[in-house]
Each structure stands twice: as C-alpha cells, then as structure tokens.
Q: 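Okay, here's the structure, questions in a sec.
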4 protein chains.
Amino acid sequence: MDFTKRQKEIIDVSIRLISKGGIQELTIKNISKAIDVSEPAIYRHFDSKIDILLAILSYFEELTGDISEKSFNQEISSLSRIEDFFERLMDEFTENPSMAKVIFSEEIFQNDSRLSEKVVAIMKGHHRKILEVVKEGRENNEIRKDIPEKHITMFIMGAFRLLITRWRLSDFGFDLKEEGKELWNSMKILLSLSQSSVNYQKRIEDYLL
Amino acid sequence: MDFTKRQKEIIDVSIRLISKGGIQELTIKNISKAIDVSEPAIYRHFDSKIDILLAILSYFEELTGDISEKSFNQEISSLSRIEDFFERLMDEFTENPSMAKVIFSEEIFQNDSRLSEKVVAIMKGHHRKILEVVKEGRENNEIRKDIPEKHITMFIMGAFRLLITRWRLSDFGFDLKEEGKELWNSMKILLSLSQSSVNYQKRIEDYLL
Amino acid sequence: MDFTKRQKEIIDVSIRLISKGGIQELTIKNISKAIDVSEPAIYRHFDSKIDILLAILSYFEELTGDISEKSFNQEISSLSRIEDFFERLMDEFTENPSMAKVIFSEEIFQNDSRLSEKVVAIMKGHHRKILEVVKEGRENNEIRKDIPEKHITMFIMGAFRLLITRWRLSDFGFDLKEEGKELWNSMKILLSLSQSSVNYQKRIEDYLL
Amino acid sequence: MDFTKRQKEIIDVSIRLISKGGIQELTIKNISKAIDVSEPAIYRHFDSKIDILLAILSYFEELTGDISEKSFNQEISSLSRIEDFFERLMDEFTENPSMAKVIFSEEIFQNDSRLSEKVVAIMKGHHRKILEVVKEGRENNEIRKDIPEKHITMFIMGAFRLLITRWRLSDFGFDLKEEGKELWNSMKILLSLSQSSVNYQKRIEDYLL
DNA sequence: CATGAATGAGTTTTCATTCAT
DNA sequence: CATGAATGAAAACTCATTCAT
C-alpha cells in the first residue's frame, strides 16, 4: 500500500485509540497528541477524519488479503487451509490486540456511506473466500454435505468472531491462540465428514463381528 | 422495571437513534427533538446520558430475562428450548430492528466502566443460561458429547450473532425468522446426538440383516 | 418582523461588524464578544451564520419596504416621491452609517446562493418600484420622454449609490443629506420635462413677440 | 509594471478567485492549487497576502491608467473621449469579467489601511480625470452648464458602475457593450448642450416661419 | 525556484449540562 | 413537569505563515 510513514503512524494510533474507547476517542486532538504533533499537522497527511477511517479499513483489507492469499494458496486440505487462515489472523491479533477490537466493530464505520460500504465489501470478500474453500472441501469429501454450505461458513466465522469478541471483552484475559486452537478442534469434529463416519464405522465393525 | 412512561419513551428513541447512526447520533439534542421536548426536560427523567445508556442495558436485560424465563422453563427438549429462545428473540428483533443493531454493539457501551461491566454481565448471563441447557441436553443424550460444552454454546451463539449482524448490515434485507429457522435446522443436525446416530443406526441394521 | 430582542441585537452588531471590516470581521466570536455572551449562546438565536446574514437582508428588506411604502403612496408628484424616498433613506443612513456600508456591498452576500438570490431580489424590487414611479411621471408630463425609462432609473439609482459609496469611503466625512439634496436638484434639472421646456418655451415666446 | 510572469499568474488567479466567491475564496491554498504549486511557493513571489491584493490594485491602476491615456489624449470631443474610455473599459471587462467583479468591490480592500487608501486614491484619480474632461467639454459648449460639474461626473460614473454591478449580479447575462452603448446614448442626450438646444431650435424655427 | 512538514491562532459548530423561572 | 437562556469544553477543520531541505 502507498501510505507514507506518517500516515502509517496515524493509522496505527487511530486503531489504538478506537480500541481504547470507541470512535468517541478517535479525535484529531487525541491523534495529534499521541504522535506529538499539532492538530493541523494531521491534515497534511489525511484530508479528513473519514479518510483516516477509510485508511484503517484499507489497511485491514490488505492485511487480511495477504493472509488469505498465503493461507488459501497452500496445497493442503480445505479445513487445514481455513485453520491456517484463522491461526494467522489470531497471531496478528495477539500481536496487535487493538486491531481485534476495531475490526469486528462494524458500527464504528456506519457514520459515512463510503465507510459502511467498504466494511460490507470486506466482510463479503471473506465470506466468499471461506465459502469457496468449504465448497472444495465438500468436493474432496472432507467436509460434511448434509447442511448448506453457507451455514458451514456461518458456523466457522460466527464462532471465530465470538471468540474474538469474548477475548476483547475479557480485556485480552486469555490466550487467544490456545483457545482458538481448541475451538478449531471442535469445529473439525463438527464439520469433517471422515471424523464422524470413522467413529461410526468402527462401531459398525464391532457389530459385524 | 420501574421506568416511567417518559423514561420508556426516551429509552425507545435512544435505541432508535443509536441504531440509526451509532452513539455519535445519541445526543441530548437529538433525543429531545425526537420526543419533542426541550433539552433540559430530558434531565428531569435521567440524571445523565450515561444513565440513559444504563437504562437501555437494563431494558435489554429485562427483555432477554423474560424471554429466557419463558423459553427455558418449558417441559420440552433442550434443543427445543434453545430454539424457542432464539425464535422469540428474532420475533422481538423483527418487530424492533433497532434493538438488533444496538444489542450486539458492545463497543457502544465501552465508554464508561459501569456500562461495559453491565454489558459483560448480561453477556455472561446468556452464556451461562445456554451452557446450562446444553449440559442438560447432553445428560439426556440429546446433544453430542464429543466436543466441550463451551464450544457448543459458542457455535450456537456465534452463528446466531453473525446472522443478526448480517441482517443489519444488509439493512434488514432478508427475513430474519426464515433464515434463522434454516440456520437452526442445520445447527440441530450438527449438534444433536440422535440425528447422526439414527442415520448410522439404520445402516447398521441393514448390515445386520 | 418577528425577531426577538436578542436576535435584533445580533443583527445590529453584525451590521456594525461588517461595516467595520467586511465579512472577515463578522465572526461568531466577534458577535458574541460584542454582546457579551459566550459563542455557543449565539446559536440559541440563529441556527447558523448564514441565517444571521439572511436576517440582515430581511431587516433591510423590511426597512426599505416601509420607507418605500411611505414615500411612494403620497399624493405628490412622481419626482417628489422619488426625492422623498431617497431623503428618508439618507436619514436612515445618517443615523445608522453601518447600514450604508453593508447594504450596497453585494459581494458580502455572494457566499451562499440563498443570500445572493435574496440580494438580487431586493435590488430588483427597488428597481421595479422606481421604474413604476418614473413611468407615472412620464404619463403626467413630469419626466422627460426622450430616453428609455430604464436609463432614467439607472441614472437616479447609480448616482445615489455612488454618493453613498463616496460617503463611506470618505469615512462619512461629509453631510450626506446636504450633498444628497444638491445632487437631487441637479437630477431634477436633468430629468424633468417642464424645466427644460419652460426655459425654451420662454425664449420662443420672446421670439414670437 | 515590473511583475514577473509568476506574479502576473498569481494576480490573475487571485482576481478570478475573488470574483468567484469574494475574498473569503482568496486563500493561499486556493491560489497555489489554481496555479499548481505548493503553498510556500507563493511566498517566493509575494511577501504576504496583502501584497497580492496590493498588486491587484496596482494592476488595475495601471490598466485604467493606460486606457485613460489612450482615450483622453485623442483629438476628439470631450464626450467622445469619455465614451471611448468607457468603451475600452467595457471591452476589457467583457474579455475578463472577473475584473469587473473585483474592481468595484471596494470593501474587499478595506481590511488593511494600505489597501483602502490605494482604493480611494485610484477612485479619486478617475474622478479627477473625468472631471477634467467634463470641464473642457463645458468650455467648448459641448456639455450643459446648468448643473455642477461634479454632479455630471457622478451621473456618468454612477450609471456606469451600476450597469457593471447589474451585469455581474445577472451573472454576465447580457451584452455589456451593447447595453453600455445604449446607456451612453441616453447619457449624451441628457448631458450635451447642443442636443437639446438643437431640438428646440428647430421647433422655434417652425414657429418663426 | 520549489516543496514537505509543521504550527499558532482562528474558524463554525456541537456537546452535555446548569440554572432561573 | 417544563422551558429559555446560557456556558465551558471540545469537536473538525482552515488560515497565513515559517523553515529546513
């Protein structure tokens, strides 16, 4: 992305400010105080506050785009690819918890139509991506087929989002990566085709004896 | 709850205002304009803006408390009780979409510690309630036991929250109750013990013949 | 007009401020300082700065409307009615010189379309009024007919406006009413039919003897 | 005048900016944007904003000085010389309407005493010039003598200024040169000695037959 | 001759809240 | 129970100008 150093700095402290106290905390004054310049100086780097928020979204868009590219272009099973995606995302959030607070707070961006549209676009992009991989997973007999694809995506994303929400409401009071791994394990049991059939296959064999 | 008529009115328009444009839209001026009184008049009914937000939370707490009591005290299966709970909630949201927008926007209430603590408390209450019912469901061999209880709750609540989120981001552009029902059907398939075992039980019997 | 006392006060100091240093001098801060209240207090009385400017125009519109009514509804000759109109206007300006500075400064009101439209409307109203009286004056053989009516109005108004302009550029350094009277005398000589014909009529008679 | 190319450019866009939206539109930012340089670059060419306004006045002073020299040094009748002056001025304005908007807006220059003094000086210069020619015209029995010279100048300049004012308020919606010519014709009828005496002389002769 | 970065002072306007009535 | 008038604090943003490069 073509952000200057100062712009990156502003994006960074803005995320931190929002994470600290919501958008109400994101004021030009607070930003300028945080990077120790005068208020008008901010306007050298962004035309308006909305543009800063737009930049935050672009930054997140790029970040998740990069991660998604890395995760989904691997030659591994579908579920492993999704797992990898969320793992990397949680790595990112663990290192930069503010991000987690901002990213799923859609209402921060509801002030302006340009913002809300971008939020929806990003969200749809993620859904599409996951949906795609889920589809593949079904074709390869990896993922169960008895419920609609879109519900599978909703289970995955919903649980993941709720985990993040709890993490930030608990003031980052638990190990996100650890809990995420456990959650994913359960998710795999729930969604994989093999898992369940294996269990019952065994029992059948017992019977057959 | 002991809210006066005017207080209820204020709570109501406040929810609508927040739903329309986030907390930034919730100003004393906007509230007073909406119920057509002067700004100082608001202070006859609430000591401060925070108290209005606190009242919104109380209102939601009471509402969900009522619903949860009705749903969970029925003599039906665990899953049916959970289903009933979400069904009633979606009925409520369909009738009052503003509610849906406000209720899962935890960051609205993060300004003040009294607010955020109450949000966390309410959320924990819901979790506890669902967790309890899930536990029961397992004891009755209704719900699968191969993954931790808390993950089951997270799947249920996560998917439900995400459905609501999508509903409001789509500007209430689909039939929440319809989609909710379908999602729940998939959920039942995923979580119920009987469902899957029945399938395989049948096949076993085939073998046994 | 339905302006409150405070509103009238604000209109008044605003005219004075503009007269002192152009619109650049008309700031909410300066207004509030002048009437010794806080800046936000101004907004109790006018929604915006534009509304203050609009009110100034309304005030002037009403003022000139009143004067024009008084002057033009008299049972005197056309030229006398125009004379009376300008006399009263100059009385007003002498008492309230700030008015003179603001009123002919059309560019003050060019920021906003609502303002500039009102300026044009007021100006056109005056033109129409004078034009009407000029027409009457011609029908009564009071005013010369050898040049278009609209040019007569332009001579009258142009000269009057220029007198005012000079008066304020001279920092109100001469007696406006005195100079205005003299200017009007010349104007009468220039425009009246009788004046010139009388002169020449006399000479003709001399010849005829 | 010794303005550099860049300075002339700045003067030019400044006039255009003022014409577009009053002085409020004349900001260093707008100037620099219009000529596509950085804001500090402006300060290479003018020490301050006041100096730009001063330069605009100088430019106008020089322009009208040139025109006046050309017009008034001709060996034609006084009225023809004045006519020529206004004709050339209107040519100029027609080609550069922004000029017309700025030039008669004395209040633009009232911020600073250096500015307002220069405005007054320029205006007085024009008056003096016209007055001089009017005087000559009277000595040559071209211009009527029954009203004071200074009033003649005021009629001429007042009507001309008002024409310009109307032209810009109408958004340059009519042909200035055409209307100016007609106005001047009426002016000649009004002011020339011969014109009127000729008319009546004829009638006298009729009588005498 | 030009610019990127910065700033102190100021702009209009909004905010939650108070107080006398 | 209500309001008109007010306010300190702060919001986003603009202004003319400076300075190191």
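Keep in mind it's a predicted model, so treat the numbers as computed, not measured. All chains are named by letter (A, B, ...) in the order of the sequence lines, taking the proteins before the strands, and each is independently numbered beginning at 1.
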Q: Could you identify which residues of residues 32-56 of chain B place a heavy atom less than 4.0 Å from some atom of DNA chain E, listed by residue number, or say none?
A: B:Glu39, B:Pro40, B:Tyr43, B:Ser48, B:Lys49

Q: Could you write out DNA chain F as a dot-bracket string, with dots for unpaired bases, | for bases paired across to another strand, and Watson-Crick or G-U pairs counted at under 3.5 Å?
A: .||||||||||||||||||||

Q: Determine the contact category for A:Ile28: base if any of its heavy atoms lies under 4.0 Å from a base atom, sugar-phosphate if only primed atoms, P, OP1 or OP2 are that close, otherwise nothing.
A: sugar-phosphate

Q: Checking B:Glu106 now: which residues fulfil side chain to side chain donor-acceptor pair (under 3.5 Å) with it, not counting sequence neighbours?
A: B:Arg161

Q: If the condition is side chain to side chain donor-acceptor pair (under 3.5 Å), which residues does C:Ser105 pass it with, not counting sequence neighbours?
A: D:Glu107

Q: Could you check if a side-chain atom of B:Ile11 sits within less than 4.5 angstrom of a side-chain atom of B:Phe46, using non-hydrogen atoms only?
A: yes

Q: Identify, residue by residue, the members of residues 13-26 of chain B with a heavy atom below 4.0 Å from DNA chain E, and return them in order of residue number, or none.
A: B:Leu26

Q: For D:Leu53, give me all partners under side-chain contact (heavy atoms from CB on, under 4.5 Å), at least two apart in sequence or on another chain.
A: D:Ile18, D:Leu26, D:Ile56, D:Ile108, D:Phe109, D:Leu115

Q: Extract, from 5' to 3' on DNA chain F, the first and final nucleotides lying under 4.0 angstrom from some heavy atom of chain D.
A: F:dC15 to F:dC19

Q: Kindly indicate, with the supporting measurements, whether the criterion side-chain hydrogen bond (donor to acceptor under 3.5 Å, both in side chains) is fulfilled by B:Lys20 and B:Ser98.
A: CA-CA 8 Å; B:Lys20 204 176 97 195; B:Ser98 300; over 6 Å; no

Q: List for me each residue that meets salt bridge (charged side-chain N to carboxylate O under 4.0 Å, His left out) alongside D:Lys49, sequence neighbours excluded, and say none if there are none.
A: none

Q: Which comes earlier along DNA chain F counting from the 5' end, the contact point of A:Thr27 or that of B:Arg6, where each point is its nearest nucleotide?
A: B:Arg6

Q: Taking the side chain as every heavy atom from C-beta outward, state whether A:Asp51 and A:Leu54 have any pair of such atoms under 4.5 Å apart.
A: yes

Q: List in chain and number order the residues that pass side chain to side chain donor-acceptor pair (under 3.5 Å) with B:Arg114, two or more places apart in sequence or in another chain; answer none if no residue qualifies.
A: B:Asp112

Q: Is the shortest side-chain N to carboxylate O distance from B:Asp12 to B:Arg16 below 4.0 Å?
A: yes

Q: With sequence neighbours excluded, what pairs up with D:Glu117 under the salt bridge (charged side-chain N to carboxylate O under 4.0 Å, His left out) test?
A: none

Q: Between B:Asn30 and A:Thr4, which has a closest nucleotide on DNA chain E that is more 5'?
A: A:Thr4

Q: For atom C1', what is the distance between E:dC1 and F:dT21, given to the nearest Å?
A: 13 Å

Q: Counting C-beta onward and ignoring hydrogens, is there a side-chain heavy-atom pair between B:Ile103 and B:Phe93 closer than 4.5 Å?
A: yes

Q: Which pairs, with at least one residue in residues 21-40 of chain A and sequence neighbours excluded, count as a side chain to side chain donor-acceptor pair (under 3.5 Å)?
A: A:Thr27-A:Asn30

Q: Once side chain to side chain donor-acceptor pair (under 3.5 Å) is applied, do any residues pair with C:Thr165, and if so which ones, sequence neighbours excluded?
A: none

